[in-house]
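Notes follow once the structure below has been shown.
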Amino acid sequence: MISHISKQKMLYLMLLPGVIYLIIFSYAPMYGIVLAFKDFSIIKGIMNSPWVGMKHFEKLFADSYFQTVTWNTLKISLLRLLFGFPVPIILALMLNEVRKTAFKRTIQTVIYLPHFISWVIIAGILKVFLTTESGIVNQVIQLFGFEPIPFLTSNTYFVPMLIVSDILKEAGWGTIIYLAALAGVDPEQYEAAMIDGANRWKRLIYITLPGISVAISIMLILSLSGILNAGFDQIFNLYSPLVYESADIIDTYVFRIGLLSGKYSLATALGLFKSLIALILILITNKIAKALGGSGIW
Amino acid sequence: MVDPKQSPRHLTERPLKRKSRSGSMNIGEFLFNVCNYGLLAFFGLVTILPFWHVFVVSITSYQSYLNNKFIMFPVDISFSSYGVLLSDPKIHRSFLITVFIVMASTLLHLAITAITAYPLSRSYLKGRNAMMLFIIITMLFSGGLIPHYLLIKYLGLLNNILVYIIPGAFSGFSAILMLNFFKQIPDSLEEAARIDGAGHLYILVNIFIPLSMPIISTLALFYGVGKWNDWFTAVIFVDKASLYPIQNILREFLILGNMDTIGKGMFESDSYKLIINIKMAIIMVATLPIILVYPFMQKHFVKGVLLGSIKQ
């Protein structure tokens, strides 16, 4: 072993930068989790702050606002799944039926683009477009004789607005994985089905959907593992205290109590609660994805 | 393509298929195509029109905008809103800062990814599995926001331009993608170079990296775009506006509504009316670089999906 190490000294040296990086930027913050079990004070530092056991967790679970943000997180994630998950599949199926290559390419180019534009920019555009006084969307709504809709400030409309804008930004990009799966469906099956007189609908039900069902189930399972990520980037750039009631999620709440109110220990406890559940979800869903015949994440 | 020597079954099938597709297109087929093309075109338009409108308003004079707020084609073209941005030192600085961040951090990311991936791709290296576990744990679990914040604070990186570049330069996802690519390079290349007396660093730089340009360009493009779009780092770690990247200038102006961030002193008497056009122009300034590299990214999309889907 020692001779192996000395012989391969250079290779081990090359691992060093990565190891140092991980120790400083990944493992050191993991040590910081002890904050969740201490009463942190900046002056005493992490080491010398007193241990308080589960105090912060008890405080958290007793707080009704914790239930609000957890419920909001789950609600928004599930709504995204319900309305957002089928859209890329449908778009991919539709694109797959297009025979004119130029048309198909153009649509693909256009619908992939918003994925690469940050939520700050999209939120900026949404704010300009959706304001009740002068936003172009509300001008159109008024043109048809309706009352302007306060998309950004009403608890009724804010969450639907989140879901629709997320679909417009990400659904196109989401088609890539299904288009790849569709390209893998054996064309001979279609030819045989056509000889047997199967119409377009029957071909969809009996050939296309079974052909991409593995891809669909893996994507579904992977999105379930992210159920606690309700879209921090999007919500943080669009929300305001007016819509906290319907759209304040765990991530935005951690940000506010931790970095704005300075309750480091409480925020760490909430963050830890979330990371632990996320870890369990990832481990379970990855197992299921592998069992379904996918490669899983690793 | 059809092989003429293939089974006779194929020969009878081909004409049938052609006929059903184009020859005698029935009415149902026709309606299906109209709906399908129509709906796709509609979805495409809904996606692109907001950006197009932003672009048109940014180059339209304020007066024409007032006359027709639904403007979709530029009339009375005026670049005055870009003029306001160009003459604003804050915009200059943040644009340059962002370009610097993107270039420096992407280079550092690629360097550290390649140098870690190389030894891990050598099957004869002992302790590889332990190192992989060491990496994968960091992909599954993290300390969370507050410990990360305190770490950056203790490292003295608050309000420091290095905070955009150094933390996060190593990512397990990129390292694994790169090492899988390295594994496909034939061992004989490494062995031959070793026999000629080349060291591992030499082999990495002169043999592996030139052969790995497909994965390197994928990583560079996706990491670079991610850095261009990064606004969160500055929100938590930087409160000096002079160190803001372009995304945060835009955030201040458009989302938090701090008009004085941009064009302070520009809004005398009636030029304050430029505001909507300036808003649109700054969105364009932050978006254009992405649109410019977009064509180069297209051939890397499938790998990029992999990168993106495992990062979430």
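These numbers come from the heavy atoms of this one structure, side chains and all, not from hydrogens, waters or symmetry mates. Residue numbers start from 1 in every chain, and the chains themselves are labelled A, B, ... in the order their sequence lines are given, proteins ahead of strands.
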Original post:
Should A/V98 and B/N36 be marked as a side chain to side chain contact (heavy atoms under 4.5 Å, CB included) after you check the CA-CA gap, both sets of side-chain angles, and the distance that decides it?
Top reply: CA-CA 8 Å; A/V98 170; B/N36 194 33; 3.9 Å; yes

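- For the set A/G124, A/S240, A/G226, A/S26, the count of heavy-atom pairs under 4.5 angstrom toward chain B peaks at A/G124.
- The residue among A/I125, A/N237, A/L276 with the most heavy atom pairs within less than 4.5 Å of chain B is A/N237.
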Original post:
What's the verdict on side chain to side chain contact (heavy atoms under 4.5 Å, CB included) for B/T116 and A/M14, showing C-alpha distance, side-chain angles and the deciding distance?
Top reply: CA-CA 6 Å; B/T116 315; A/M14 287 166 85; over 6 Å; no

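- Taking CG of B/L40 as the start and CG of A/L95 as the end, the distance is 5.0 Å to the nearest 0.5 Å.
- For B/W231 and A/F236, the distance between ring centers is under 6.0 angstrom.
- Ring geometry for B/H53 against A/F129 counts as perpendicular: the plane angle is over 60°, on a 0 to 90° scale with 30° as the lower cut.
- Heavy atoms closer than 4.5 Å to chain A are found in the backbone of B/S142, but not in its side chain.
- Looking at A/D233, both its backbone and its side chain come within 4.5 Å of chain B, counting heavy atoms on both sides.
- Both the backbone and the side chain of A/L168 come within contact range of chain B, with heavy atoms under 4.5 Å apart.
- With a 4.5 Å cut-off on non-hydrogen atoms, B/A117 does not touch chain A at all.
- For the atom pair A/L238 CG and B/I255 CD1, the distance stands at 6.5 Å (nearest 0.5 Å).
- B/M132 does not touch chain A: none of its heavy atoms, backbone or side chain, sits under 4.5 Å away.
- For the set A/L35, A/L16, A/L113, the count of heavy-atom pairs under 4.5 angstrom toward chain B peaks at A/L113.
- In this structure, the portions of A/A267 lying under 4.5 Å from any heavy atom of chain B include both its backbone and its side chain.
- A tilted orientation is assigned to the rings of B/F232 and A/F255, their planes being inclined by 30° to 60°.
- Listed options A/T268, A/L259, A/I111 were ranked by heavy-atom pairs under 4.5 angstrom with chain B; first place goes to A/L259.
- Here the straight-line distance linking atom CG of B/L250 with atom OG of A/S118 works out to 7.5 Å at 0.5 Å rounding.
- When heavy atoms are compared at a cutoff of 4.5 Å, A/A278 does not approach chain B at all.
- Rounded to the nearest 0.5 Å, atoms CD1 (A/I23) and OG1 (B/T138) are 11.5 Å apart.
- Expressed to the nearest 0.5 Å, how far CH2 of B/W228 lies from CD1 of A/I117 amounts to 12.5 Å.
- The part of B/I290 that comes within reach of chain A is its side chain, from C-beta onward, which places non-hydrogen atoms under 4.5 angstrom from that chain.
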**OP:** Start with the C-alpha distance between A/F25 and B/F170, add both sets of side-chain angles, then the distance that settles ring pair (Phe, Tyr, Trp, His ring centres under 6.0 Å), and finish with yes or no.
**Re:** CA-CA 9 Å; A/F25 291 107; B/F170 180 82; over 10 Å; no

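- Contact of B/A175 with chain A is not made at all, since no heavy-atom distance falls under 4.5 Å.
- Interface remark: of the candidates A/L22, A/L279, A/T106, A/L22 forms the most heavy-atom pairs closer than 4.5 Å to chain B.
- In this structure, the separation between CG on A/L15 and CG on B/L125 is 6.5 Å, given to the nearest 0.5 Å.
- Both the backbone and the side chain of B/I135 come within contact range of chain A, each with at least one heavy atom under 4.5 Å from a heavy atom of that chain.
- B/Y118 touches chain A through its side chain: at least one heavy atom from C-beta onward sits under 4.5 Å away, while N, CA, C and O do not.
- Between A/Y112 and B/Y294, the distance separating the two ring centers is not shorter than 6.0 angstrom.
- At a 4.5 Å heavy-atom cutoff, the contact between B/Y37 and chain A is made by backbone and side-chain atoms alike.
- A side-chain contact (heavy atoms from CB on, under 4.5 Å) with A/P29 is found for exactly one of B/L151, B/L150, B/I152, namely B/L151.
- Most heavy-atom pairs under 4.5 Å with chain B, from the set A/V254, A/I24, A/I42, A/V34: that is A/I24.
- Of the atoms belonging to B/Q247, heavy atoms from both backbone and side chain fall under 4.5 Å from chain A.
- Of the two parts of A/V128, only the side chain, counted from C-beta on, holds a non-hydrogen atom closer than 4.5 Å to a non-hydrogen atom of chain B.
- Proximity to chain B (any heavy atom under 4.5 Å) is shown, for A/Y264, by both the backbone and the side chain.
- Both the backbone and the side chain of B/Y124 come within contact range of chain A, each with at least one heavy atom under 4.5 Å from a heavy atom of that chain.
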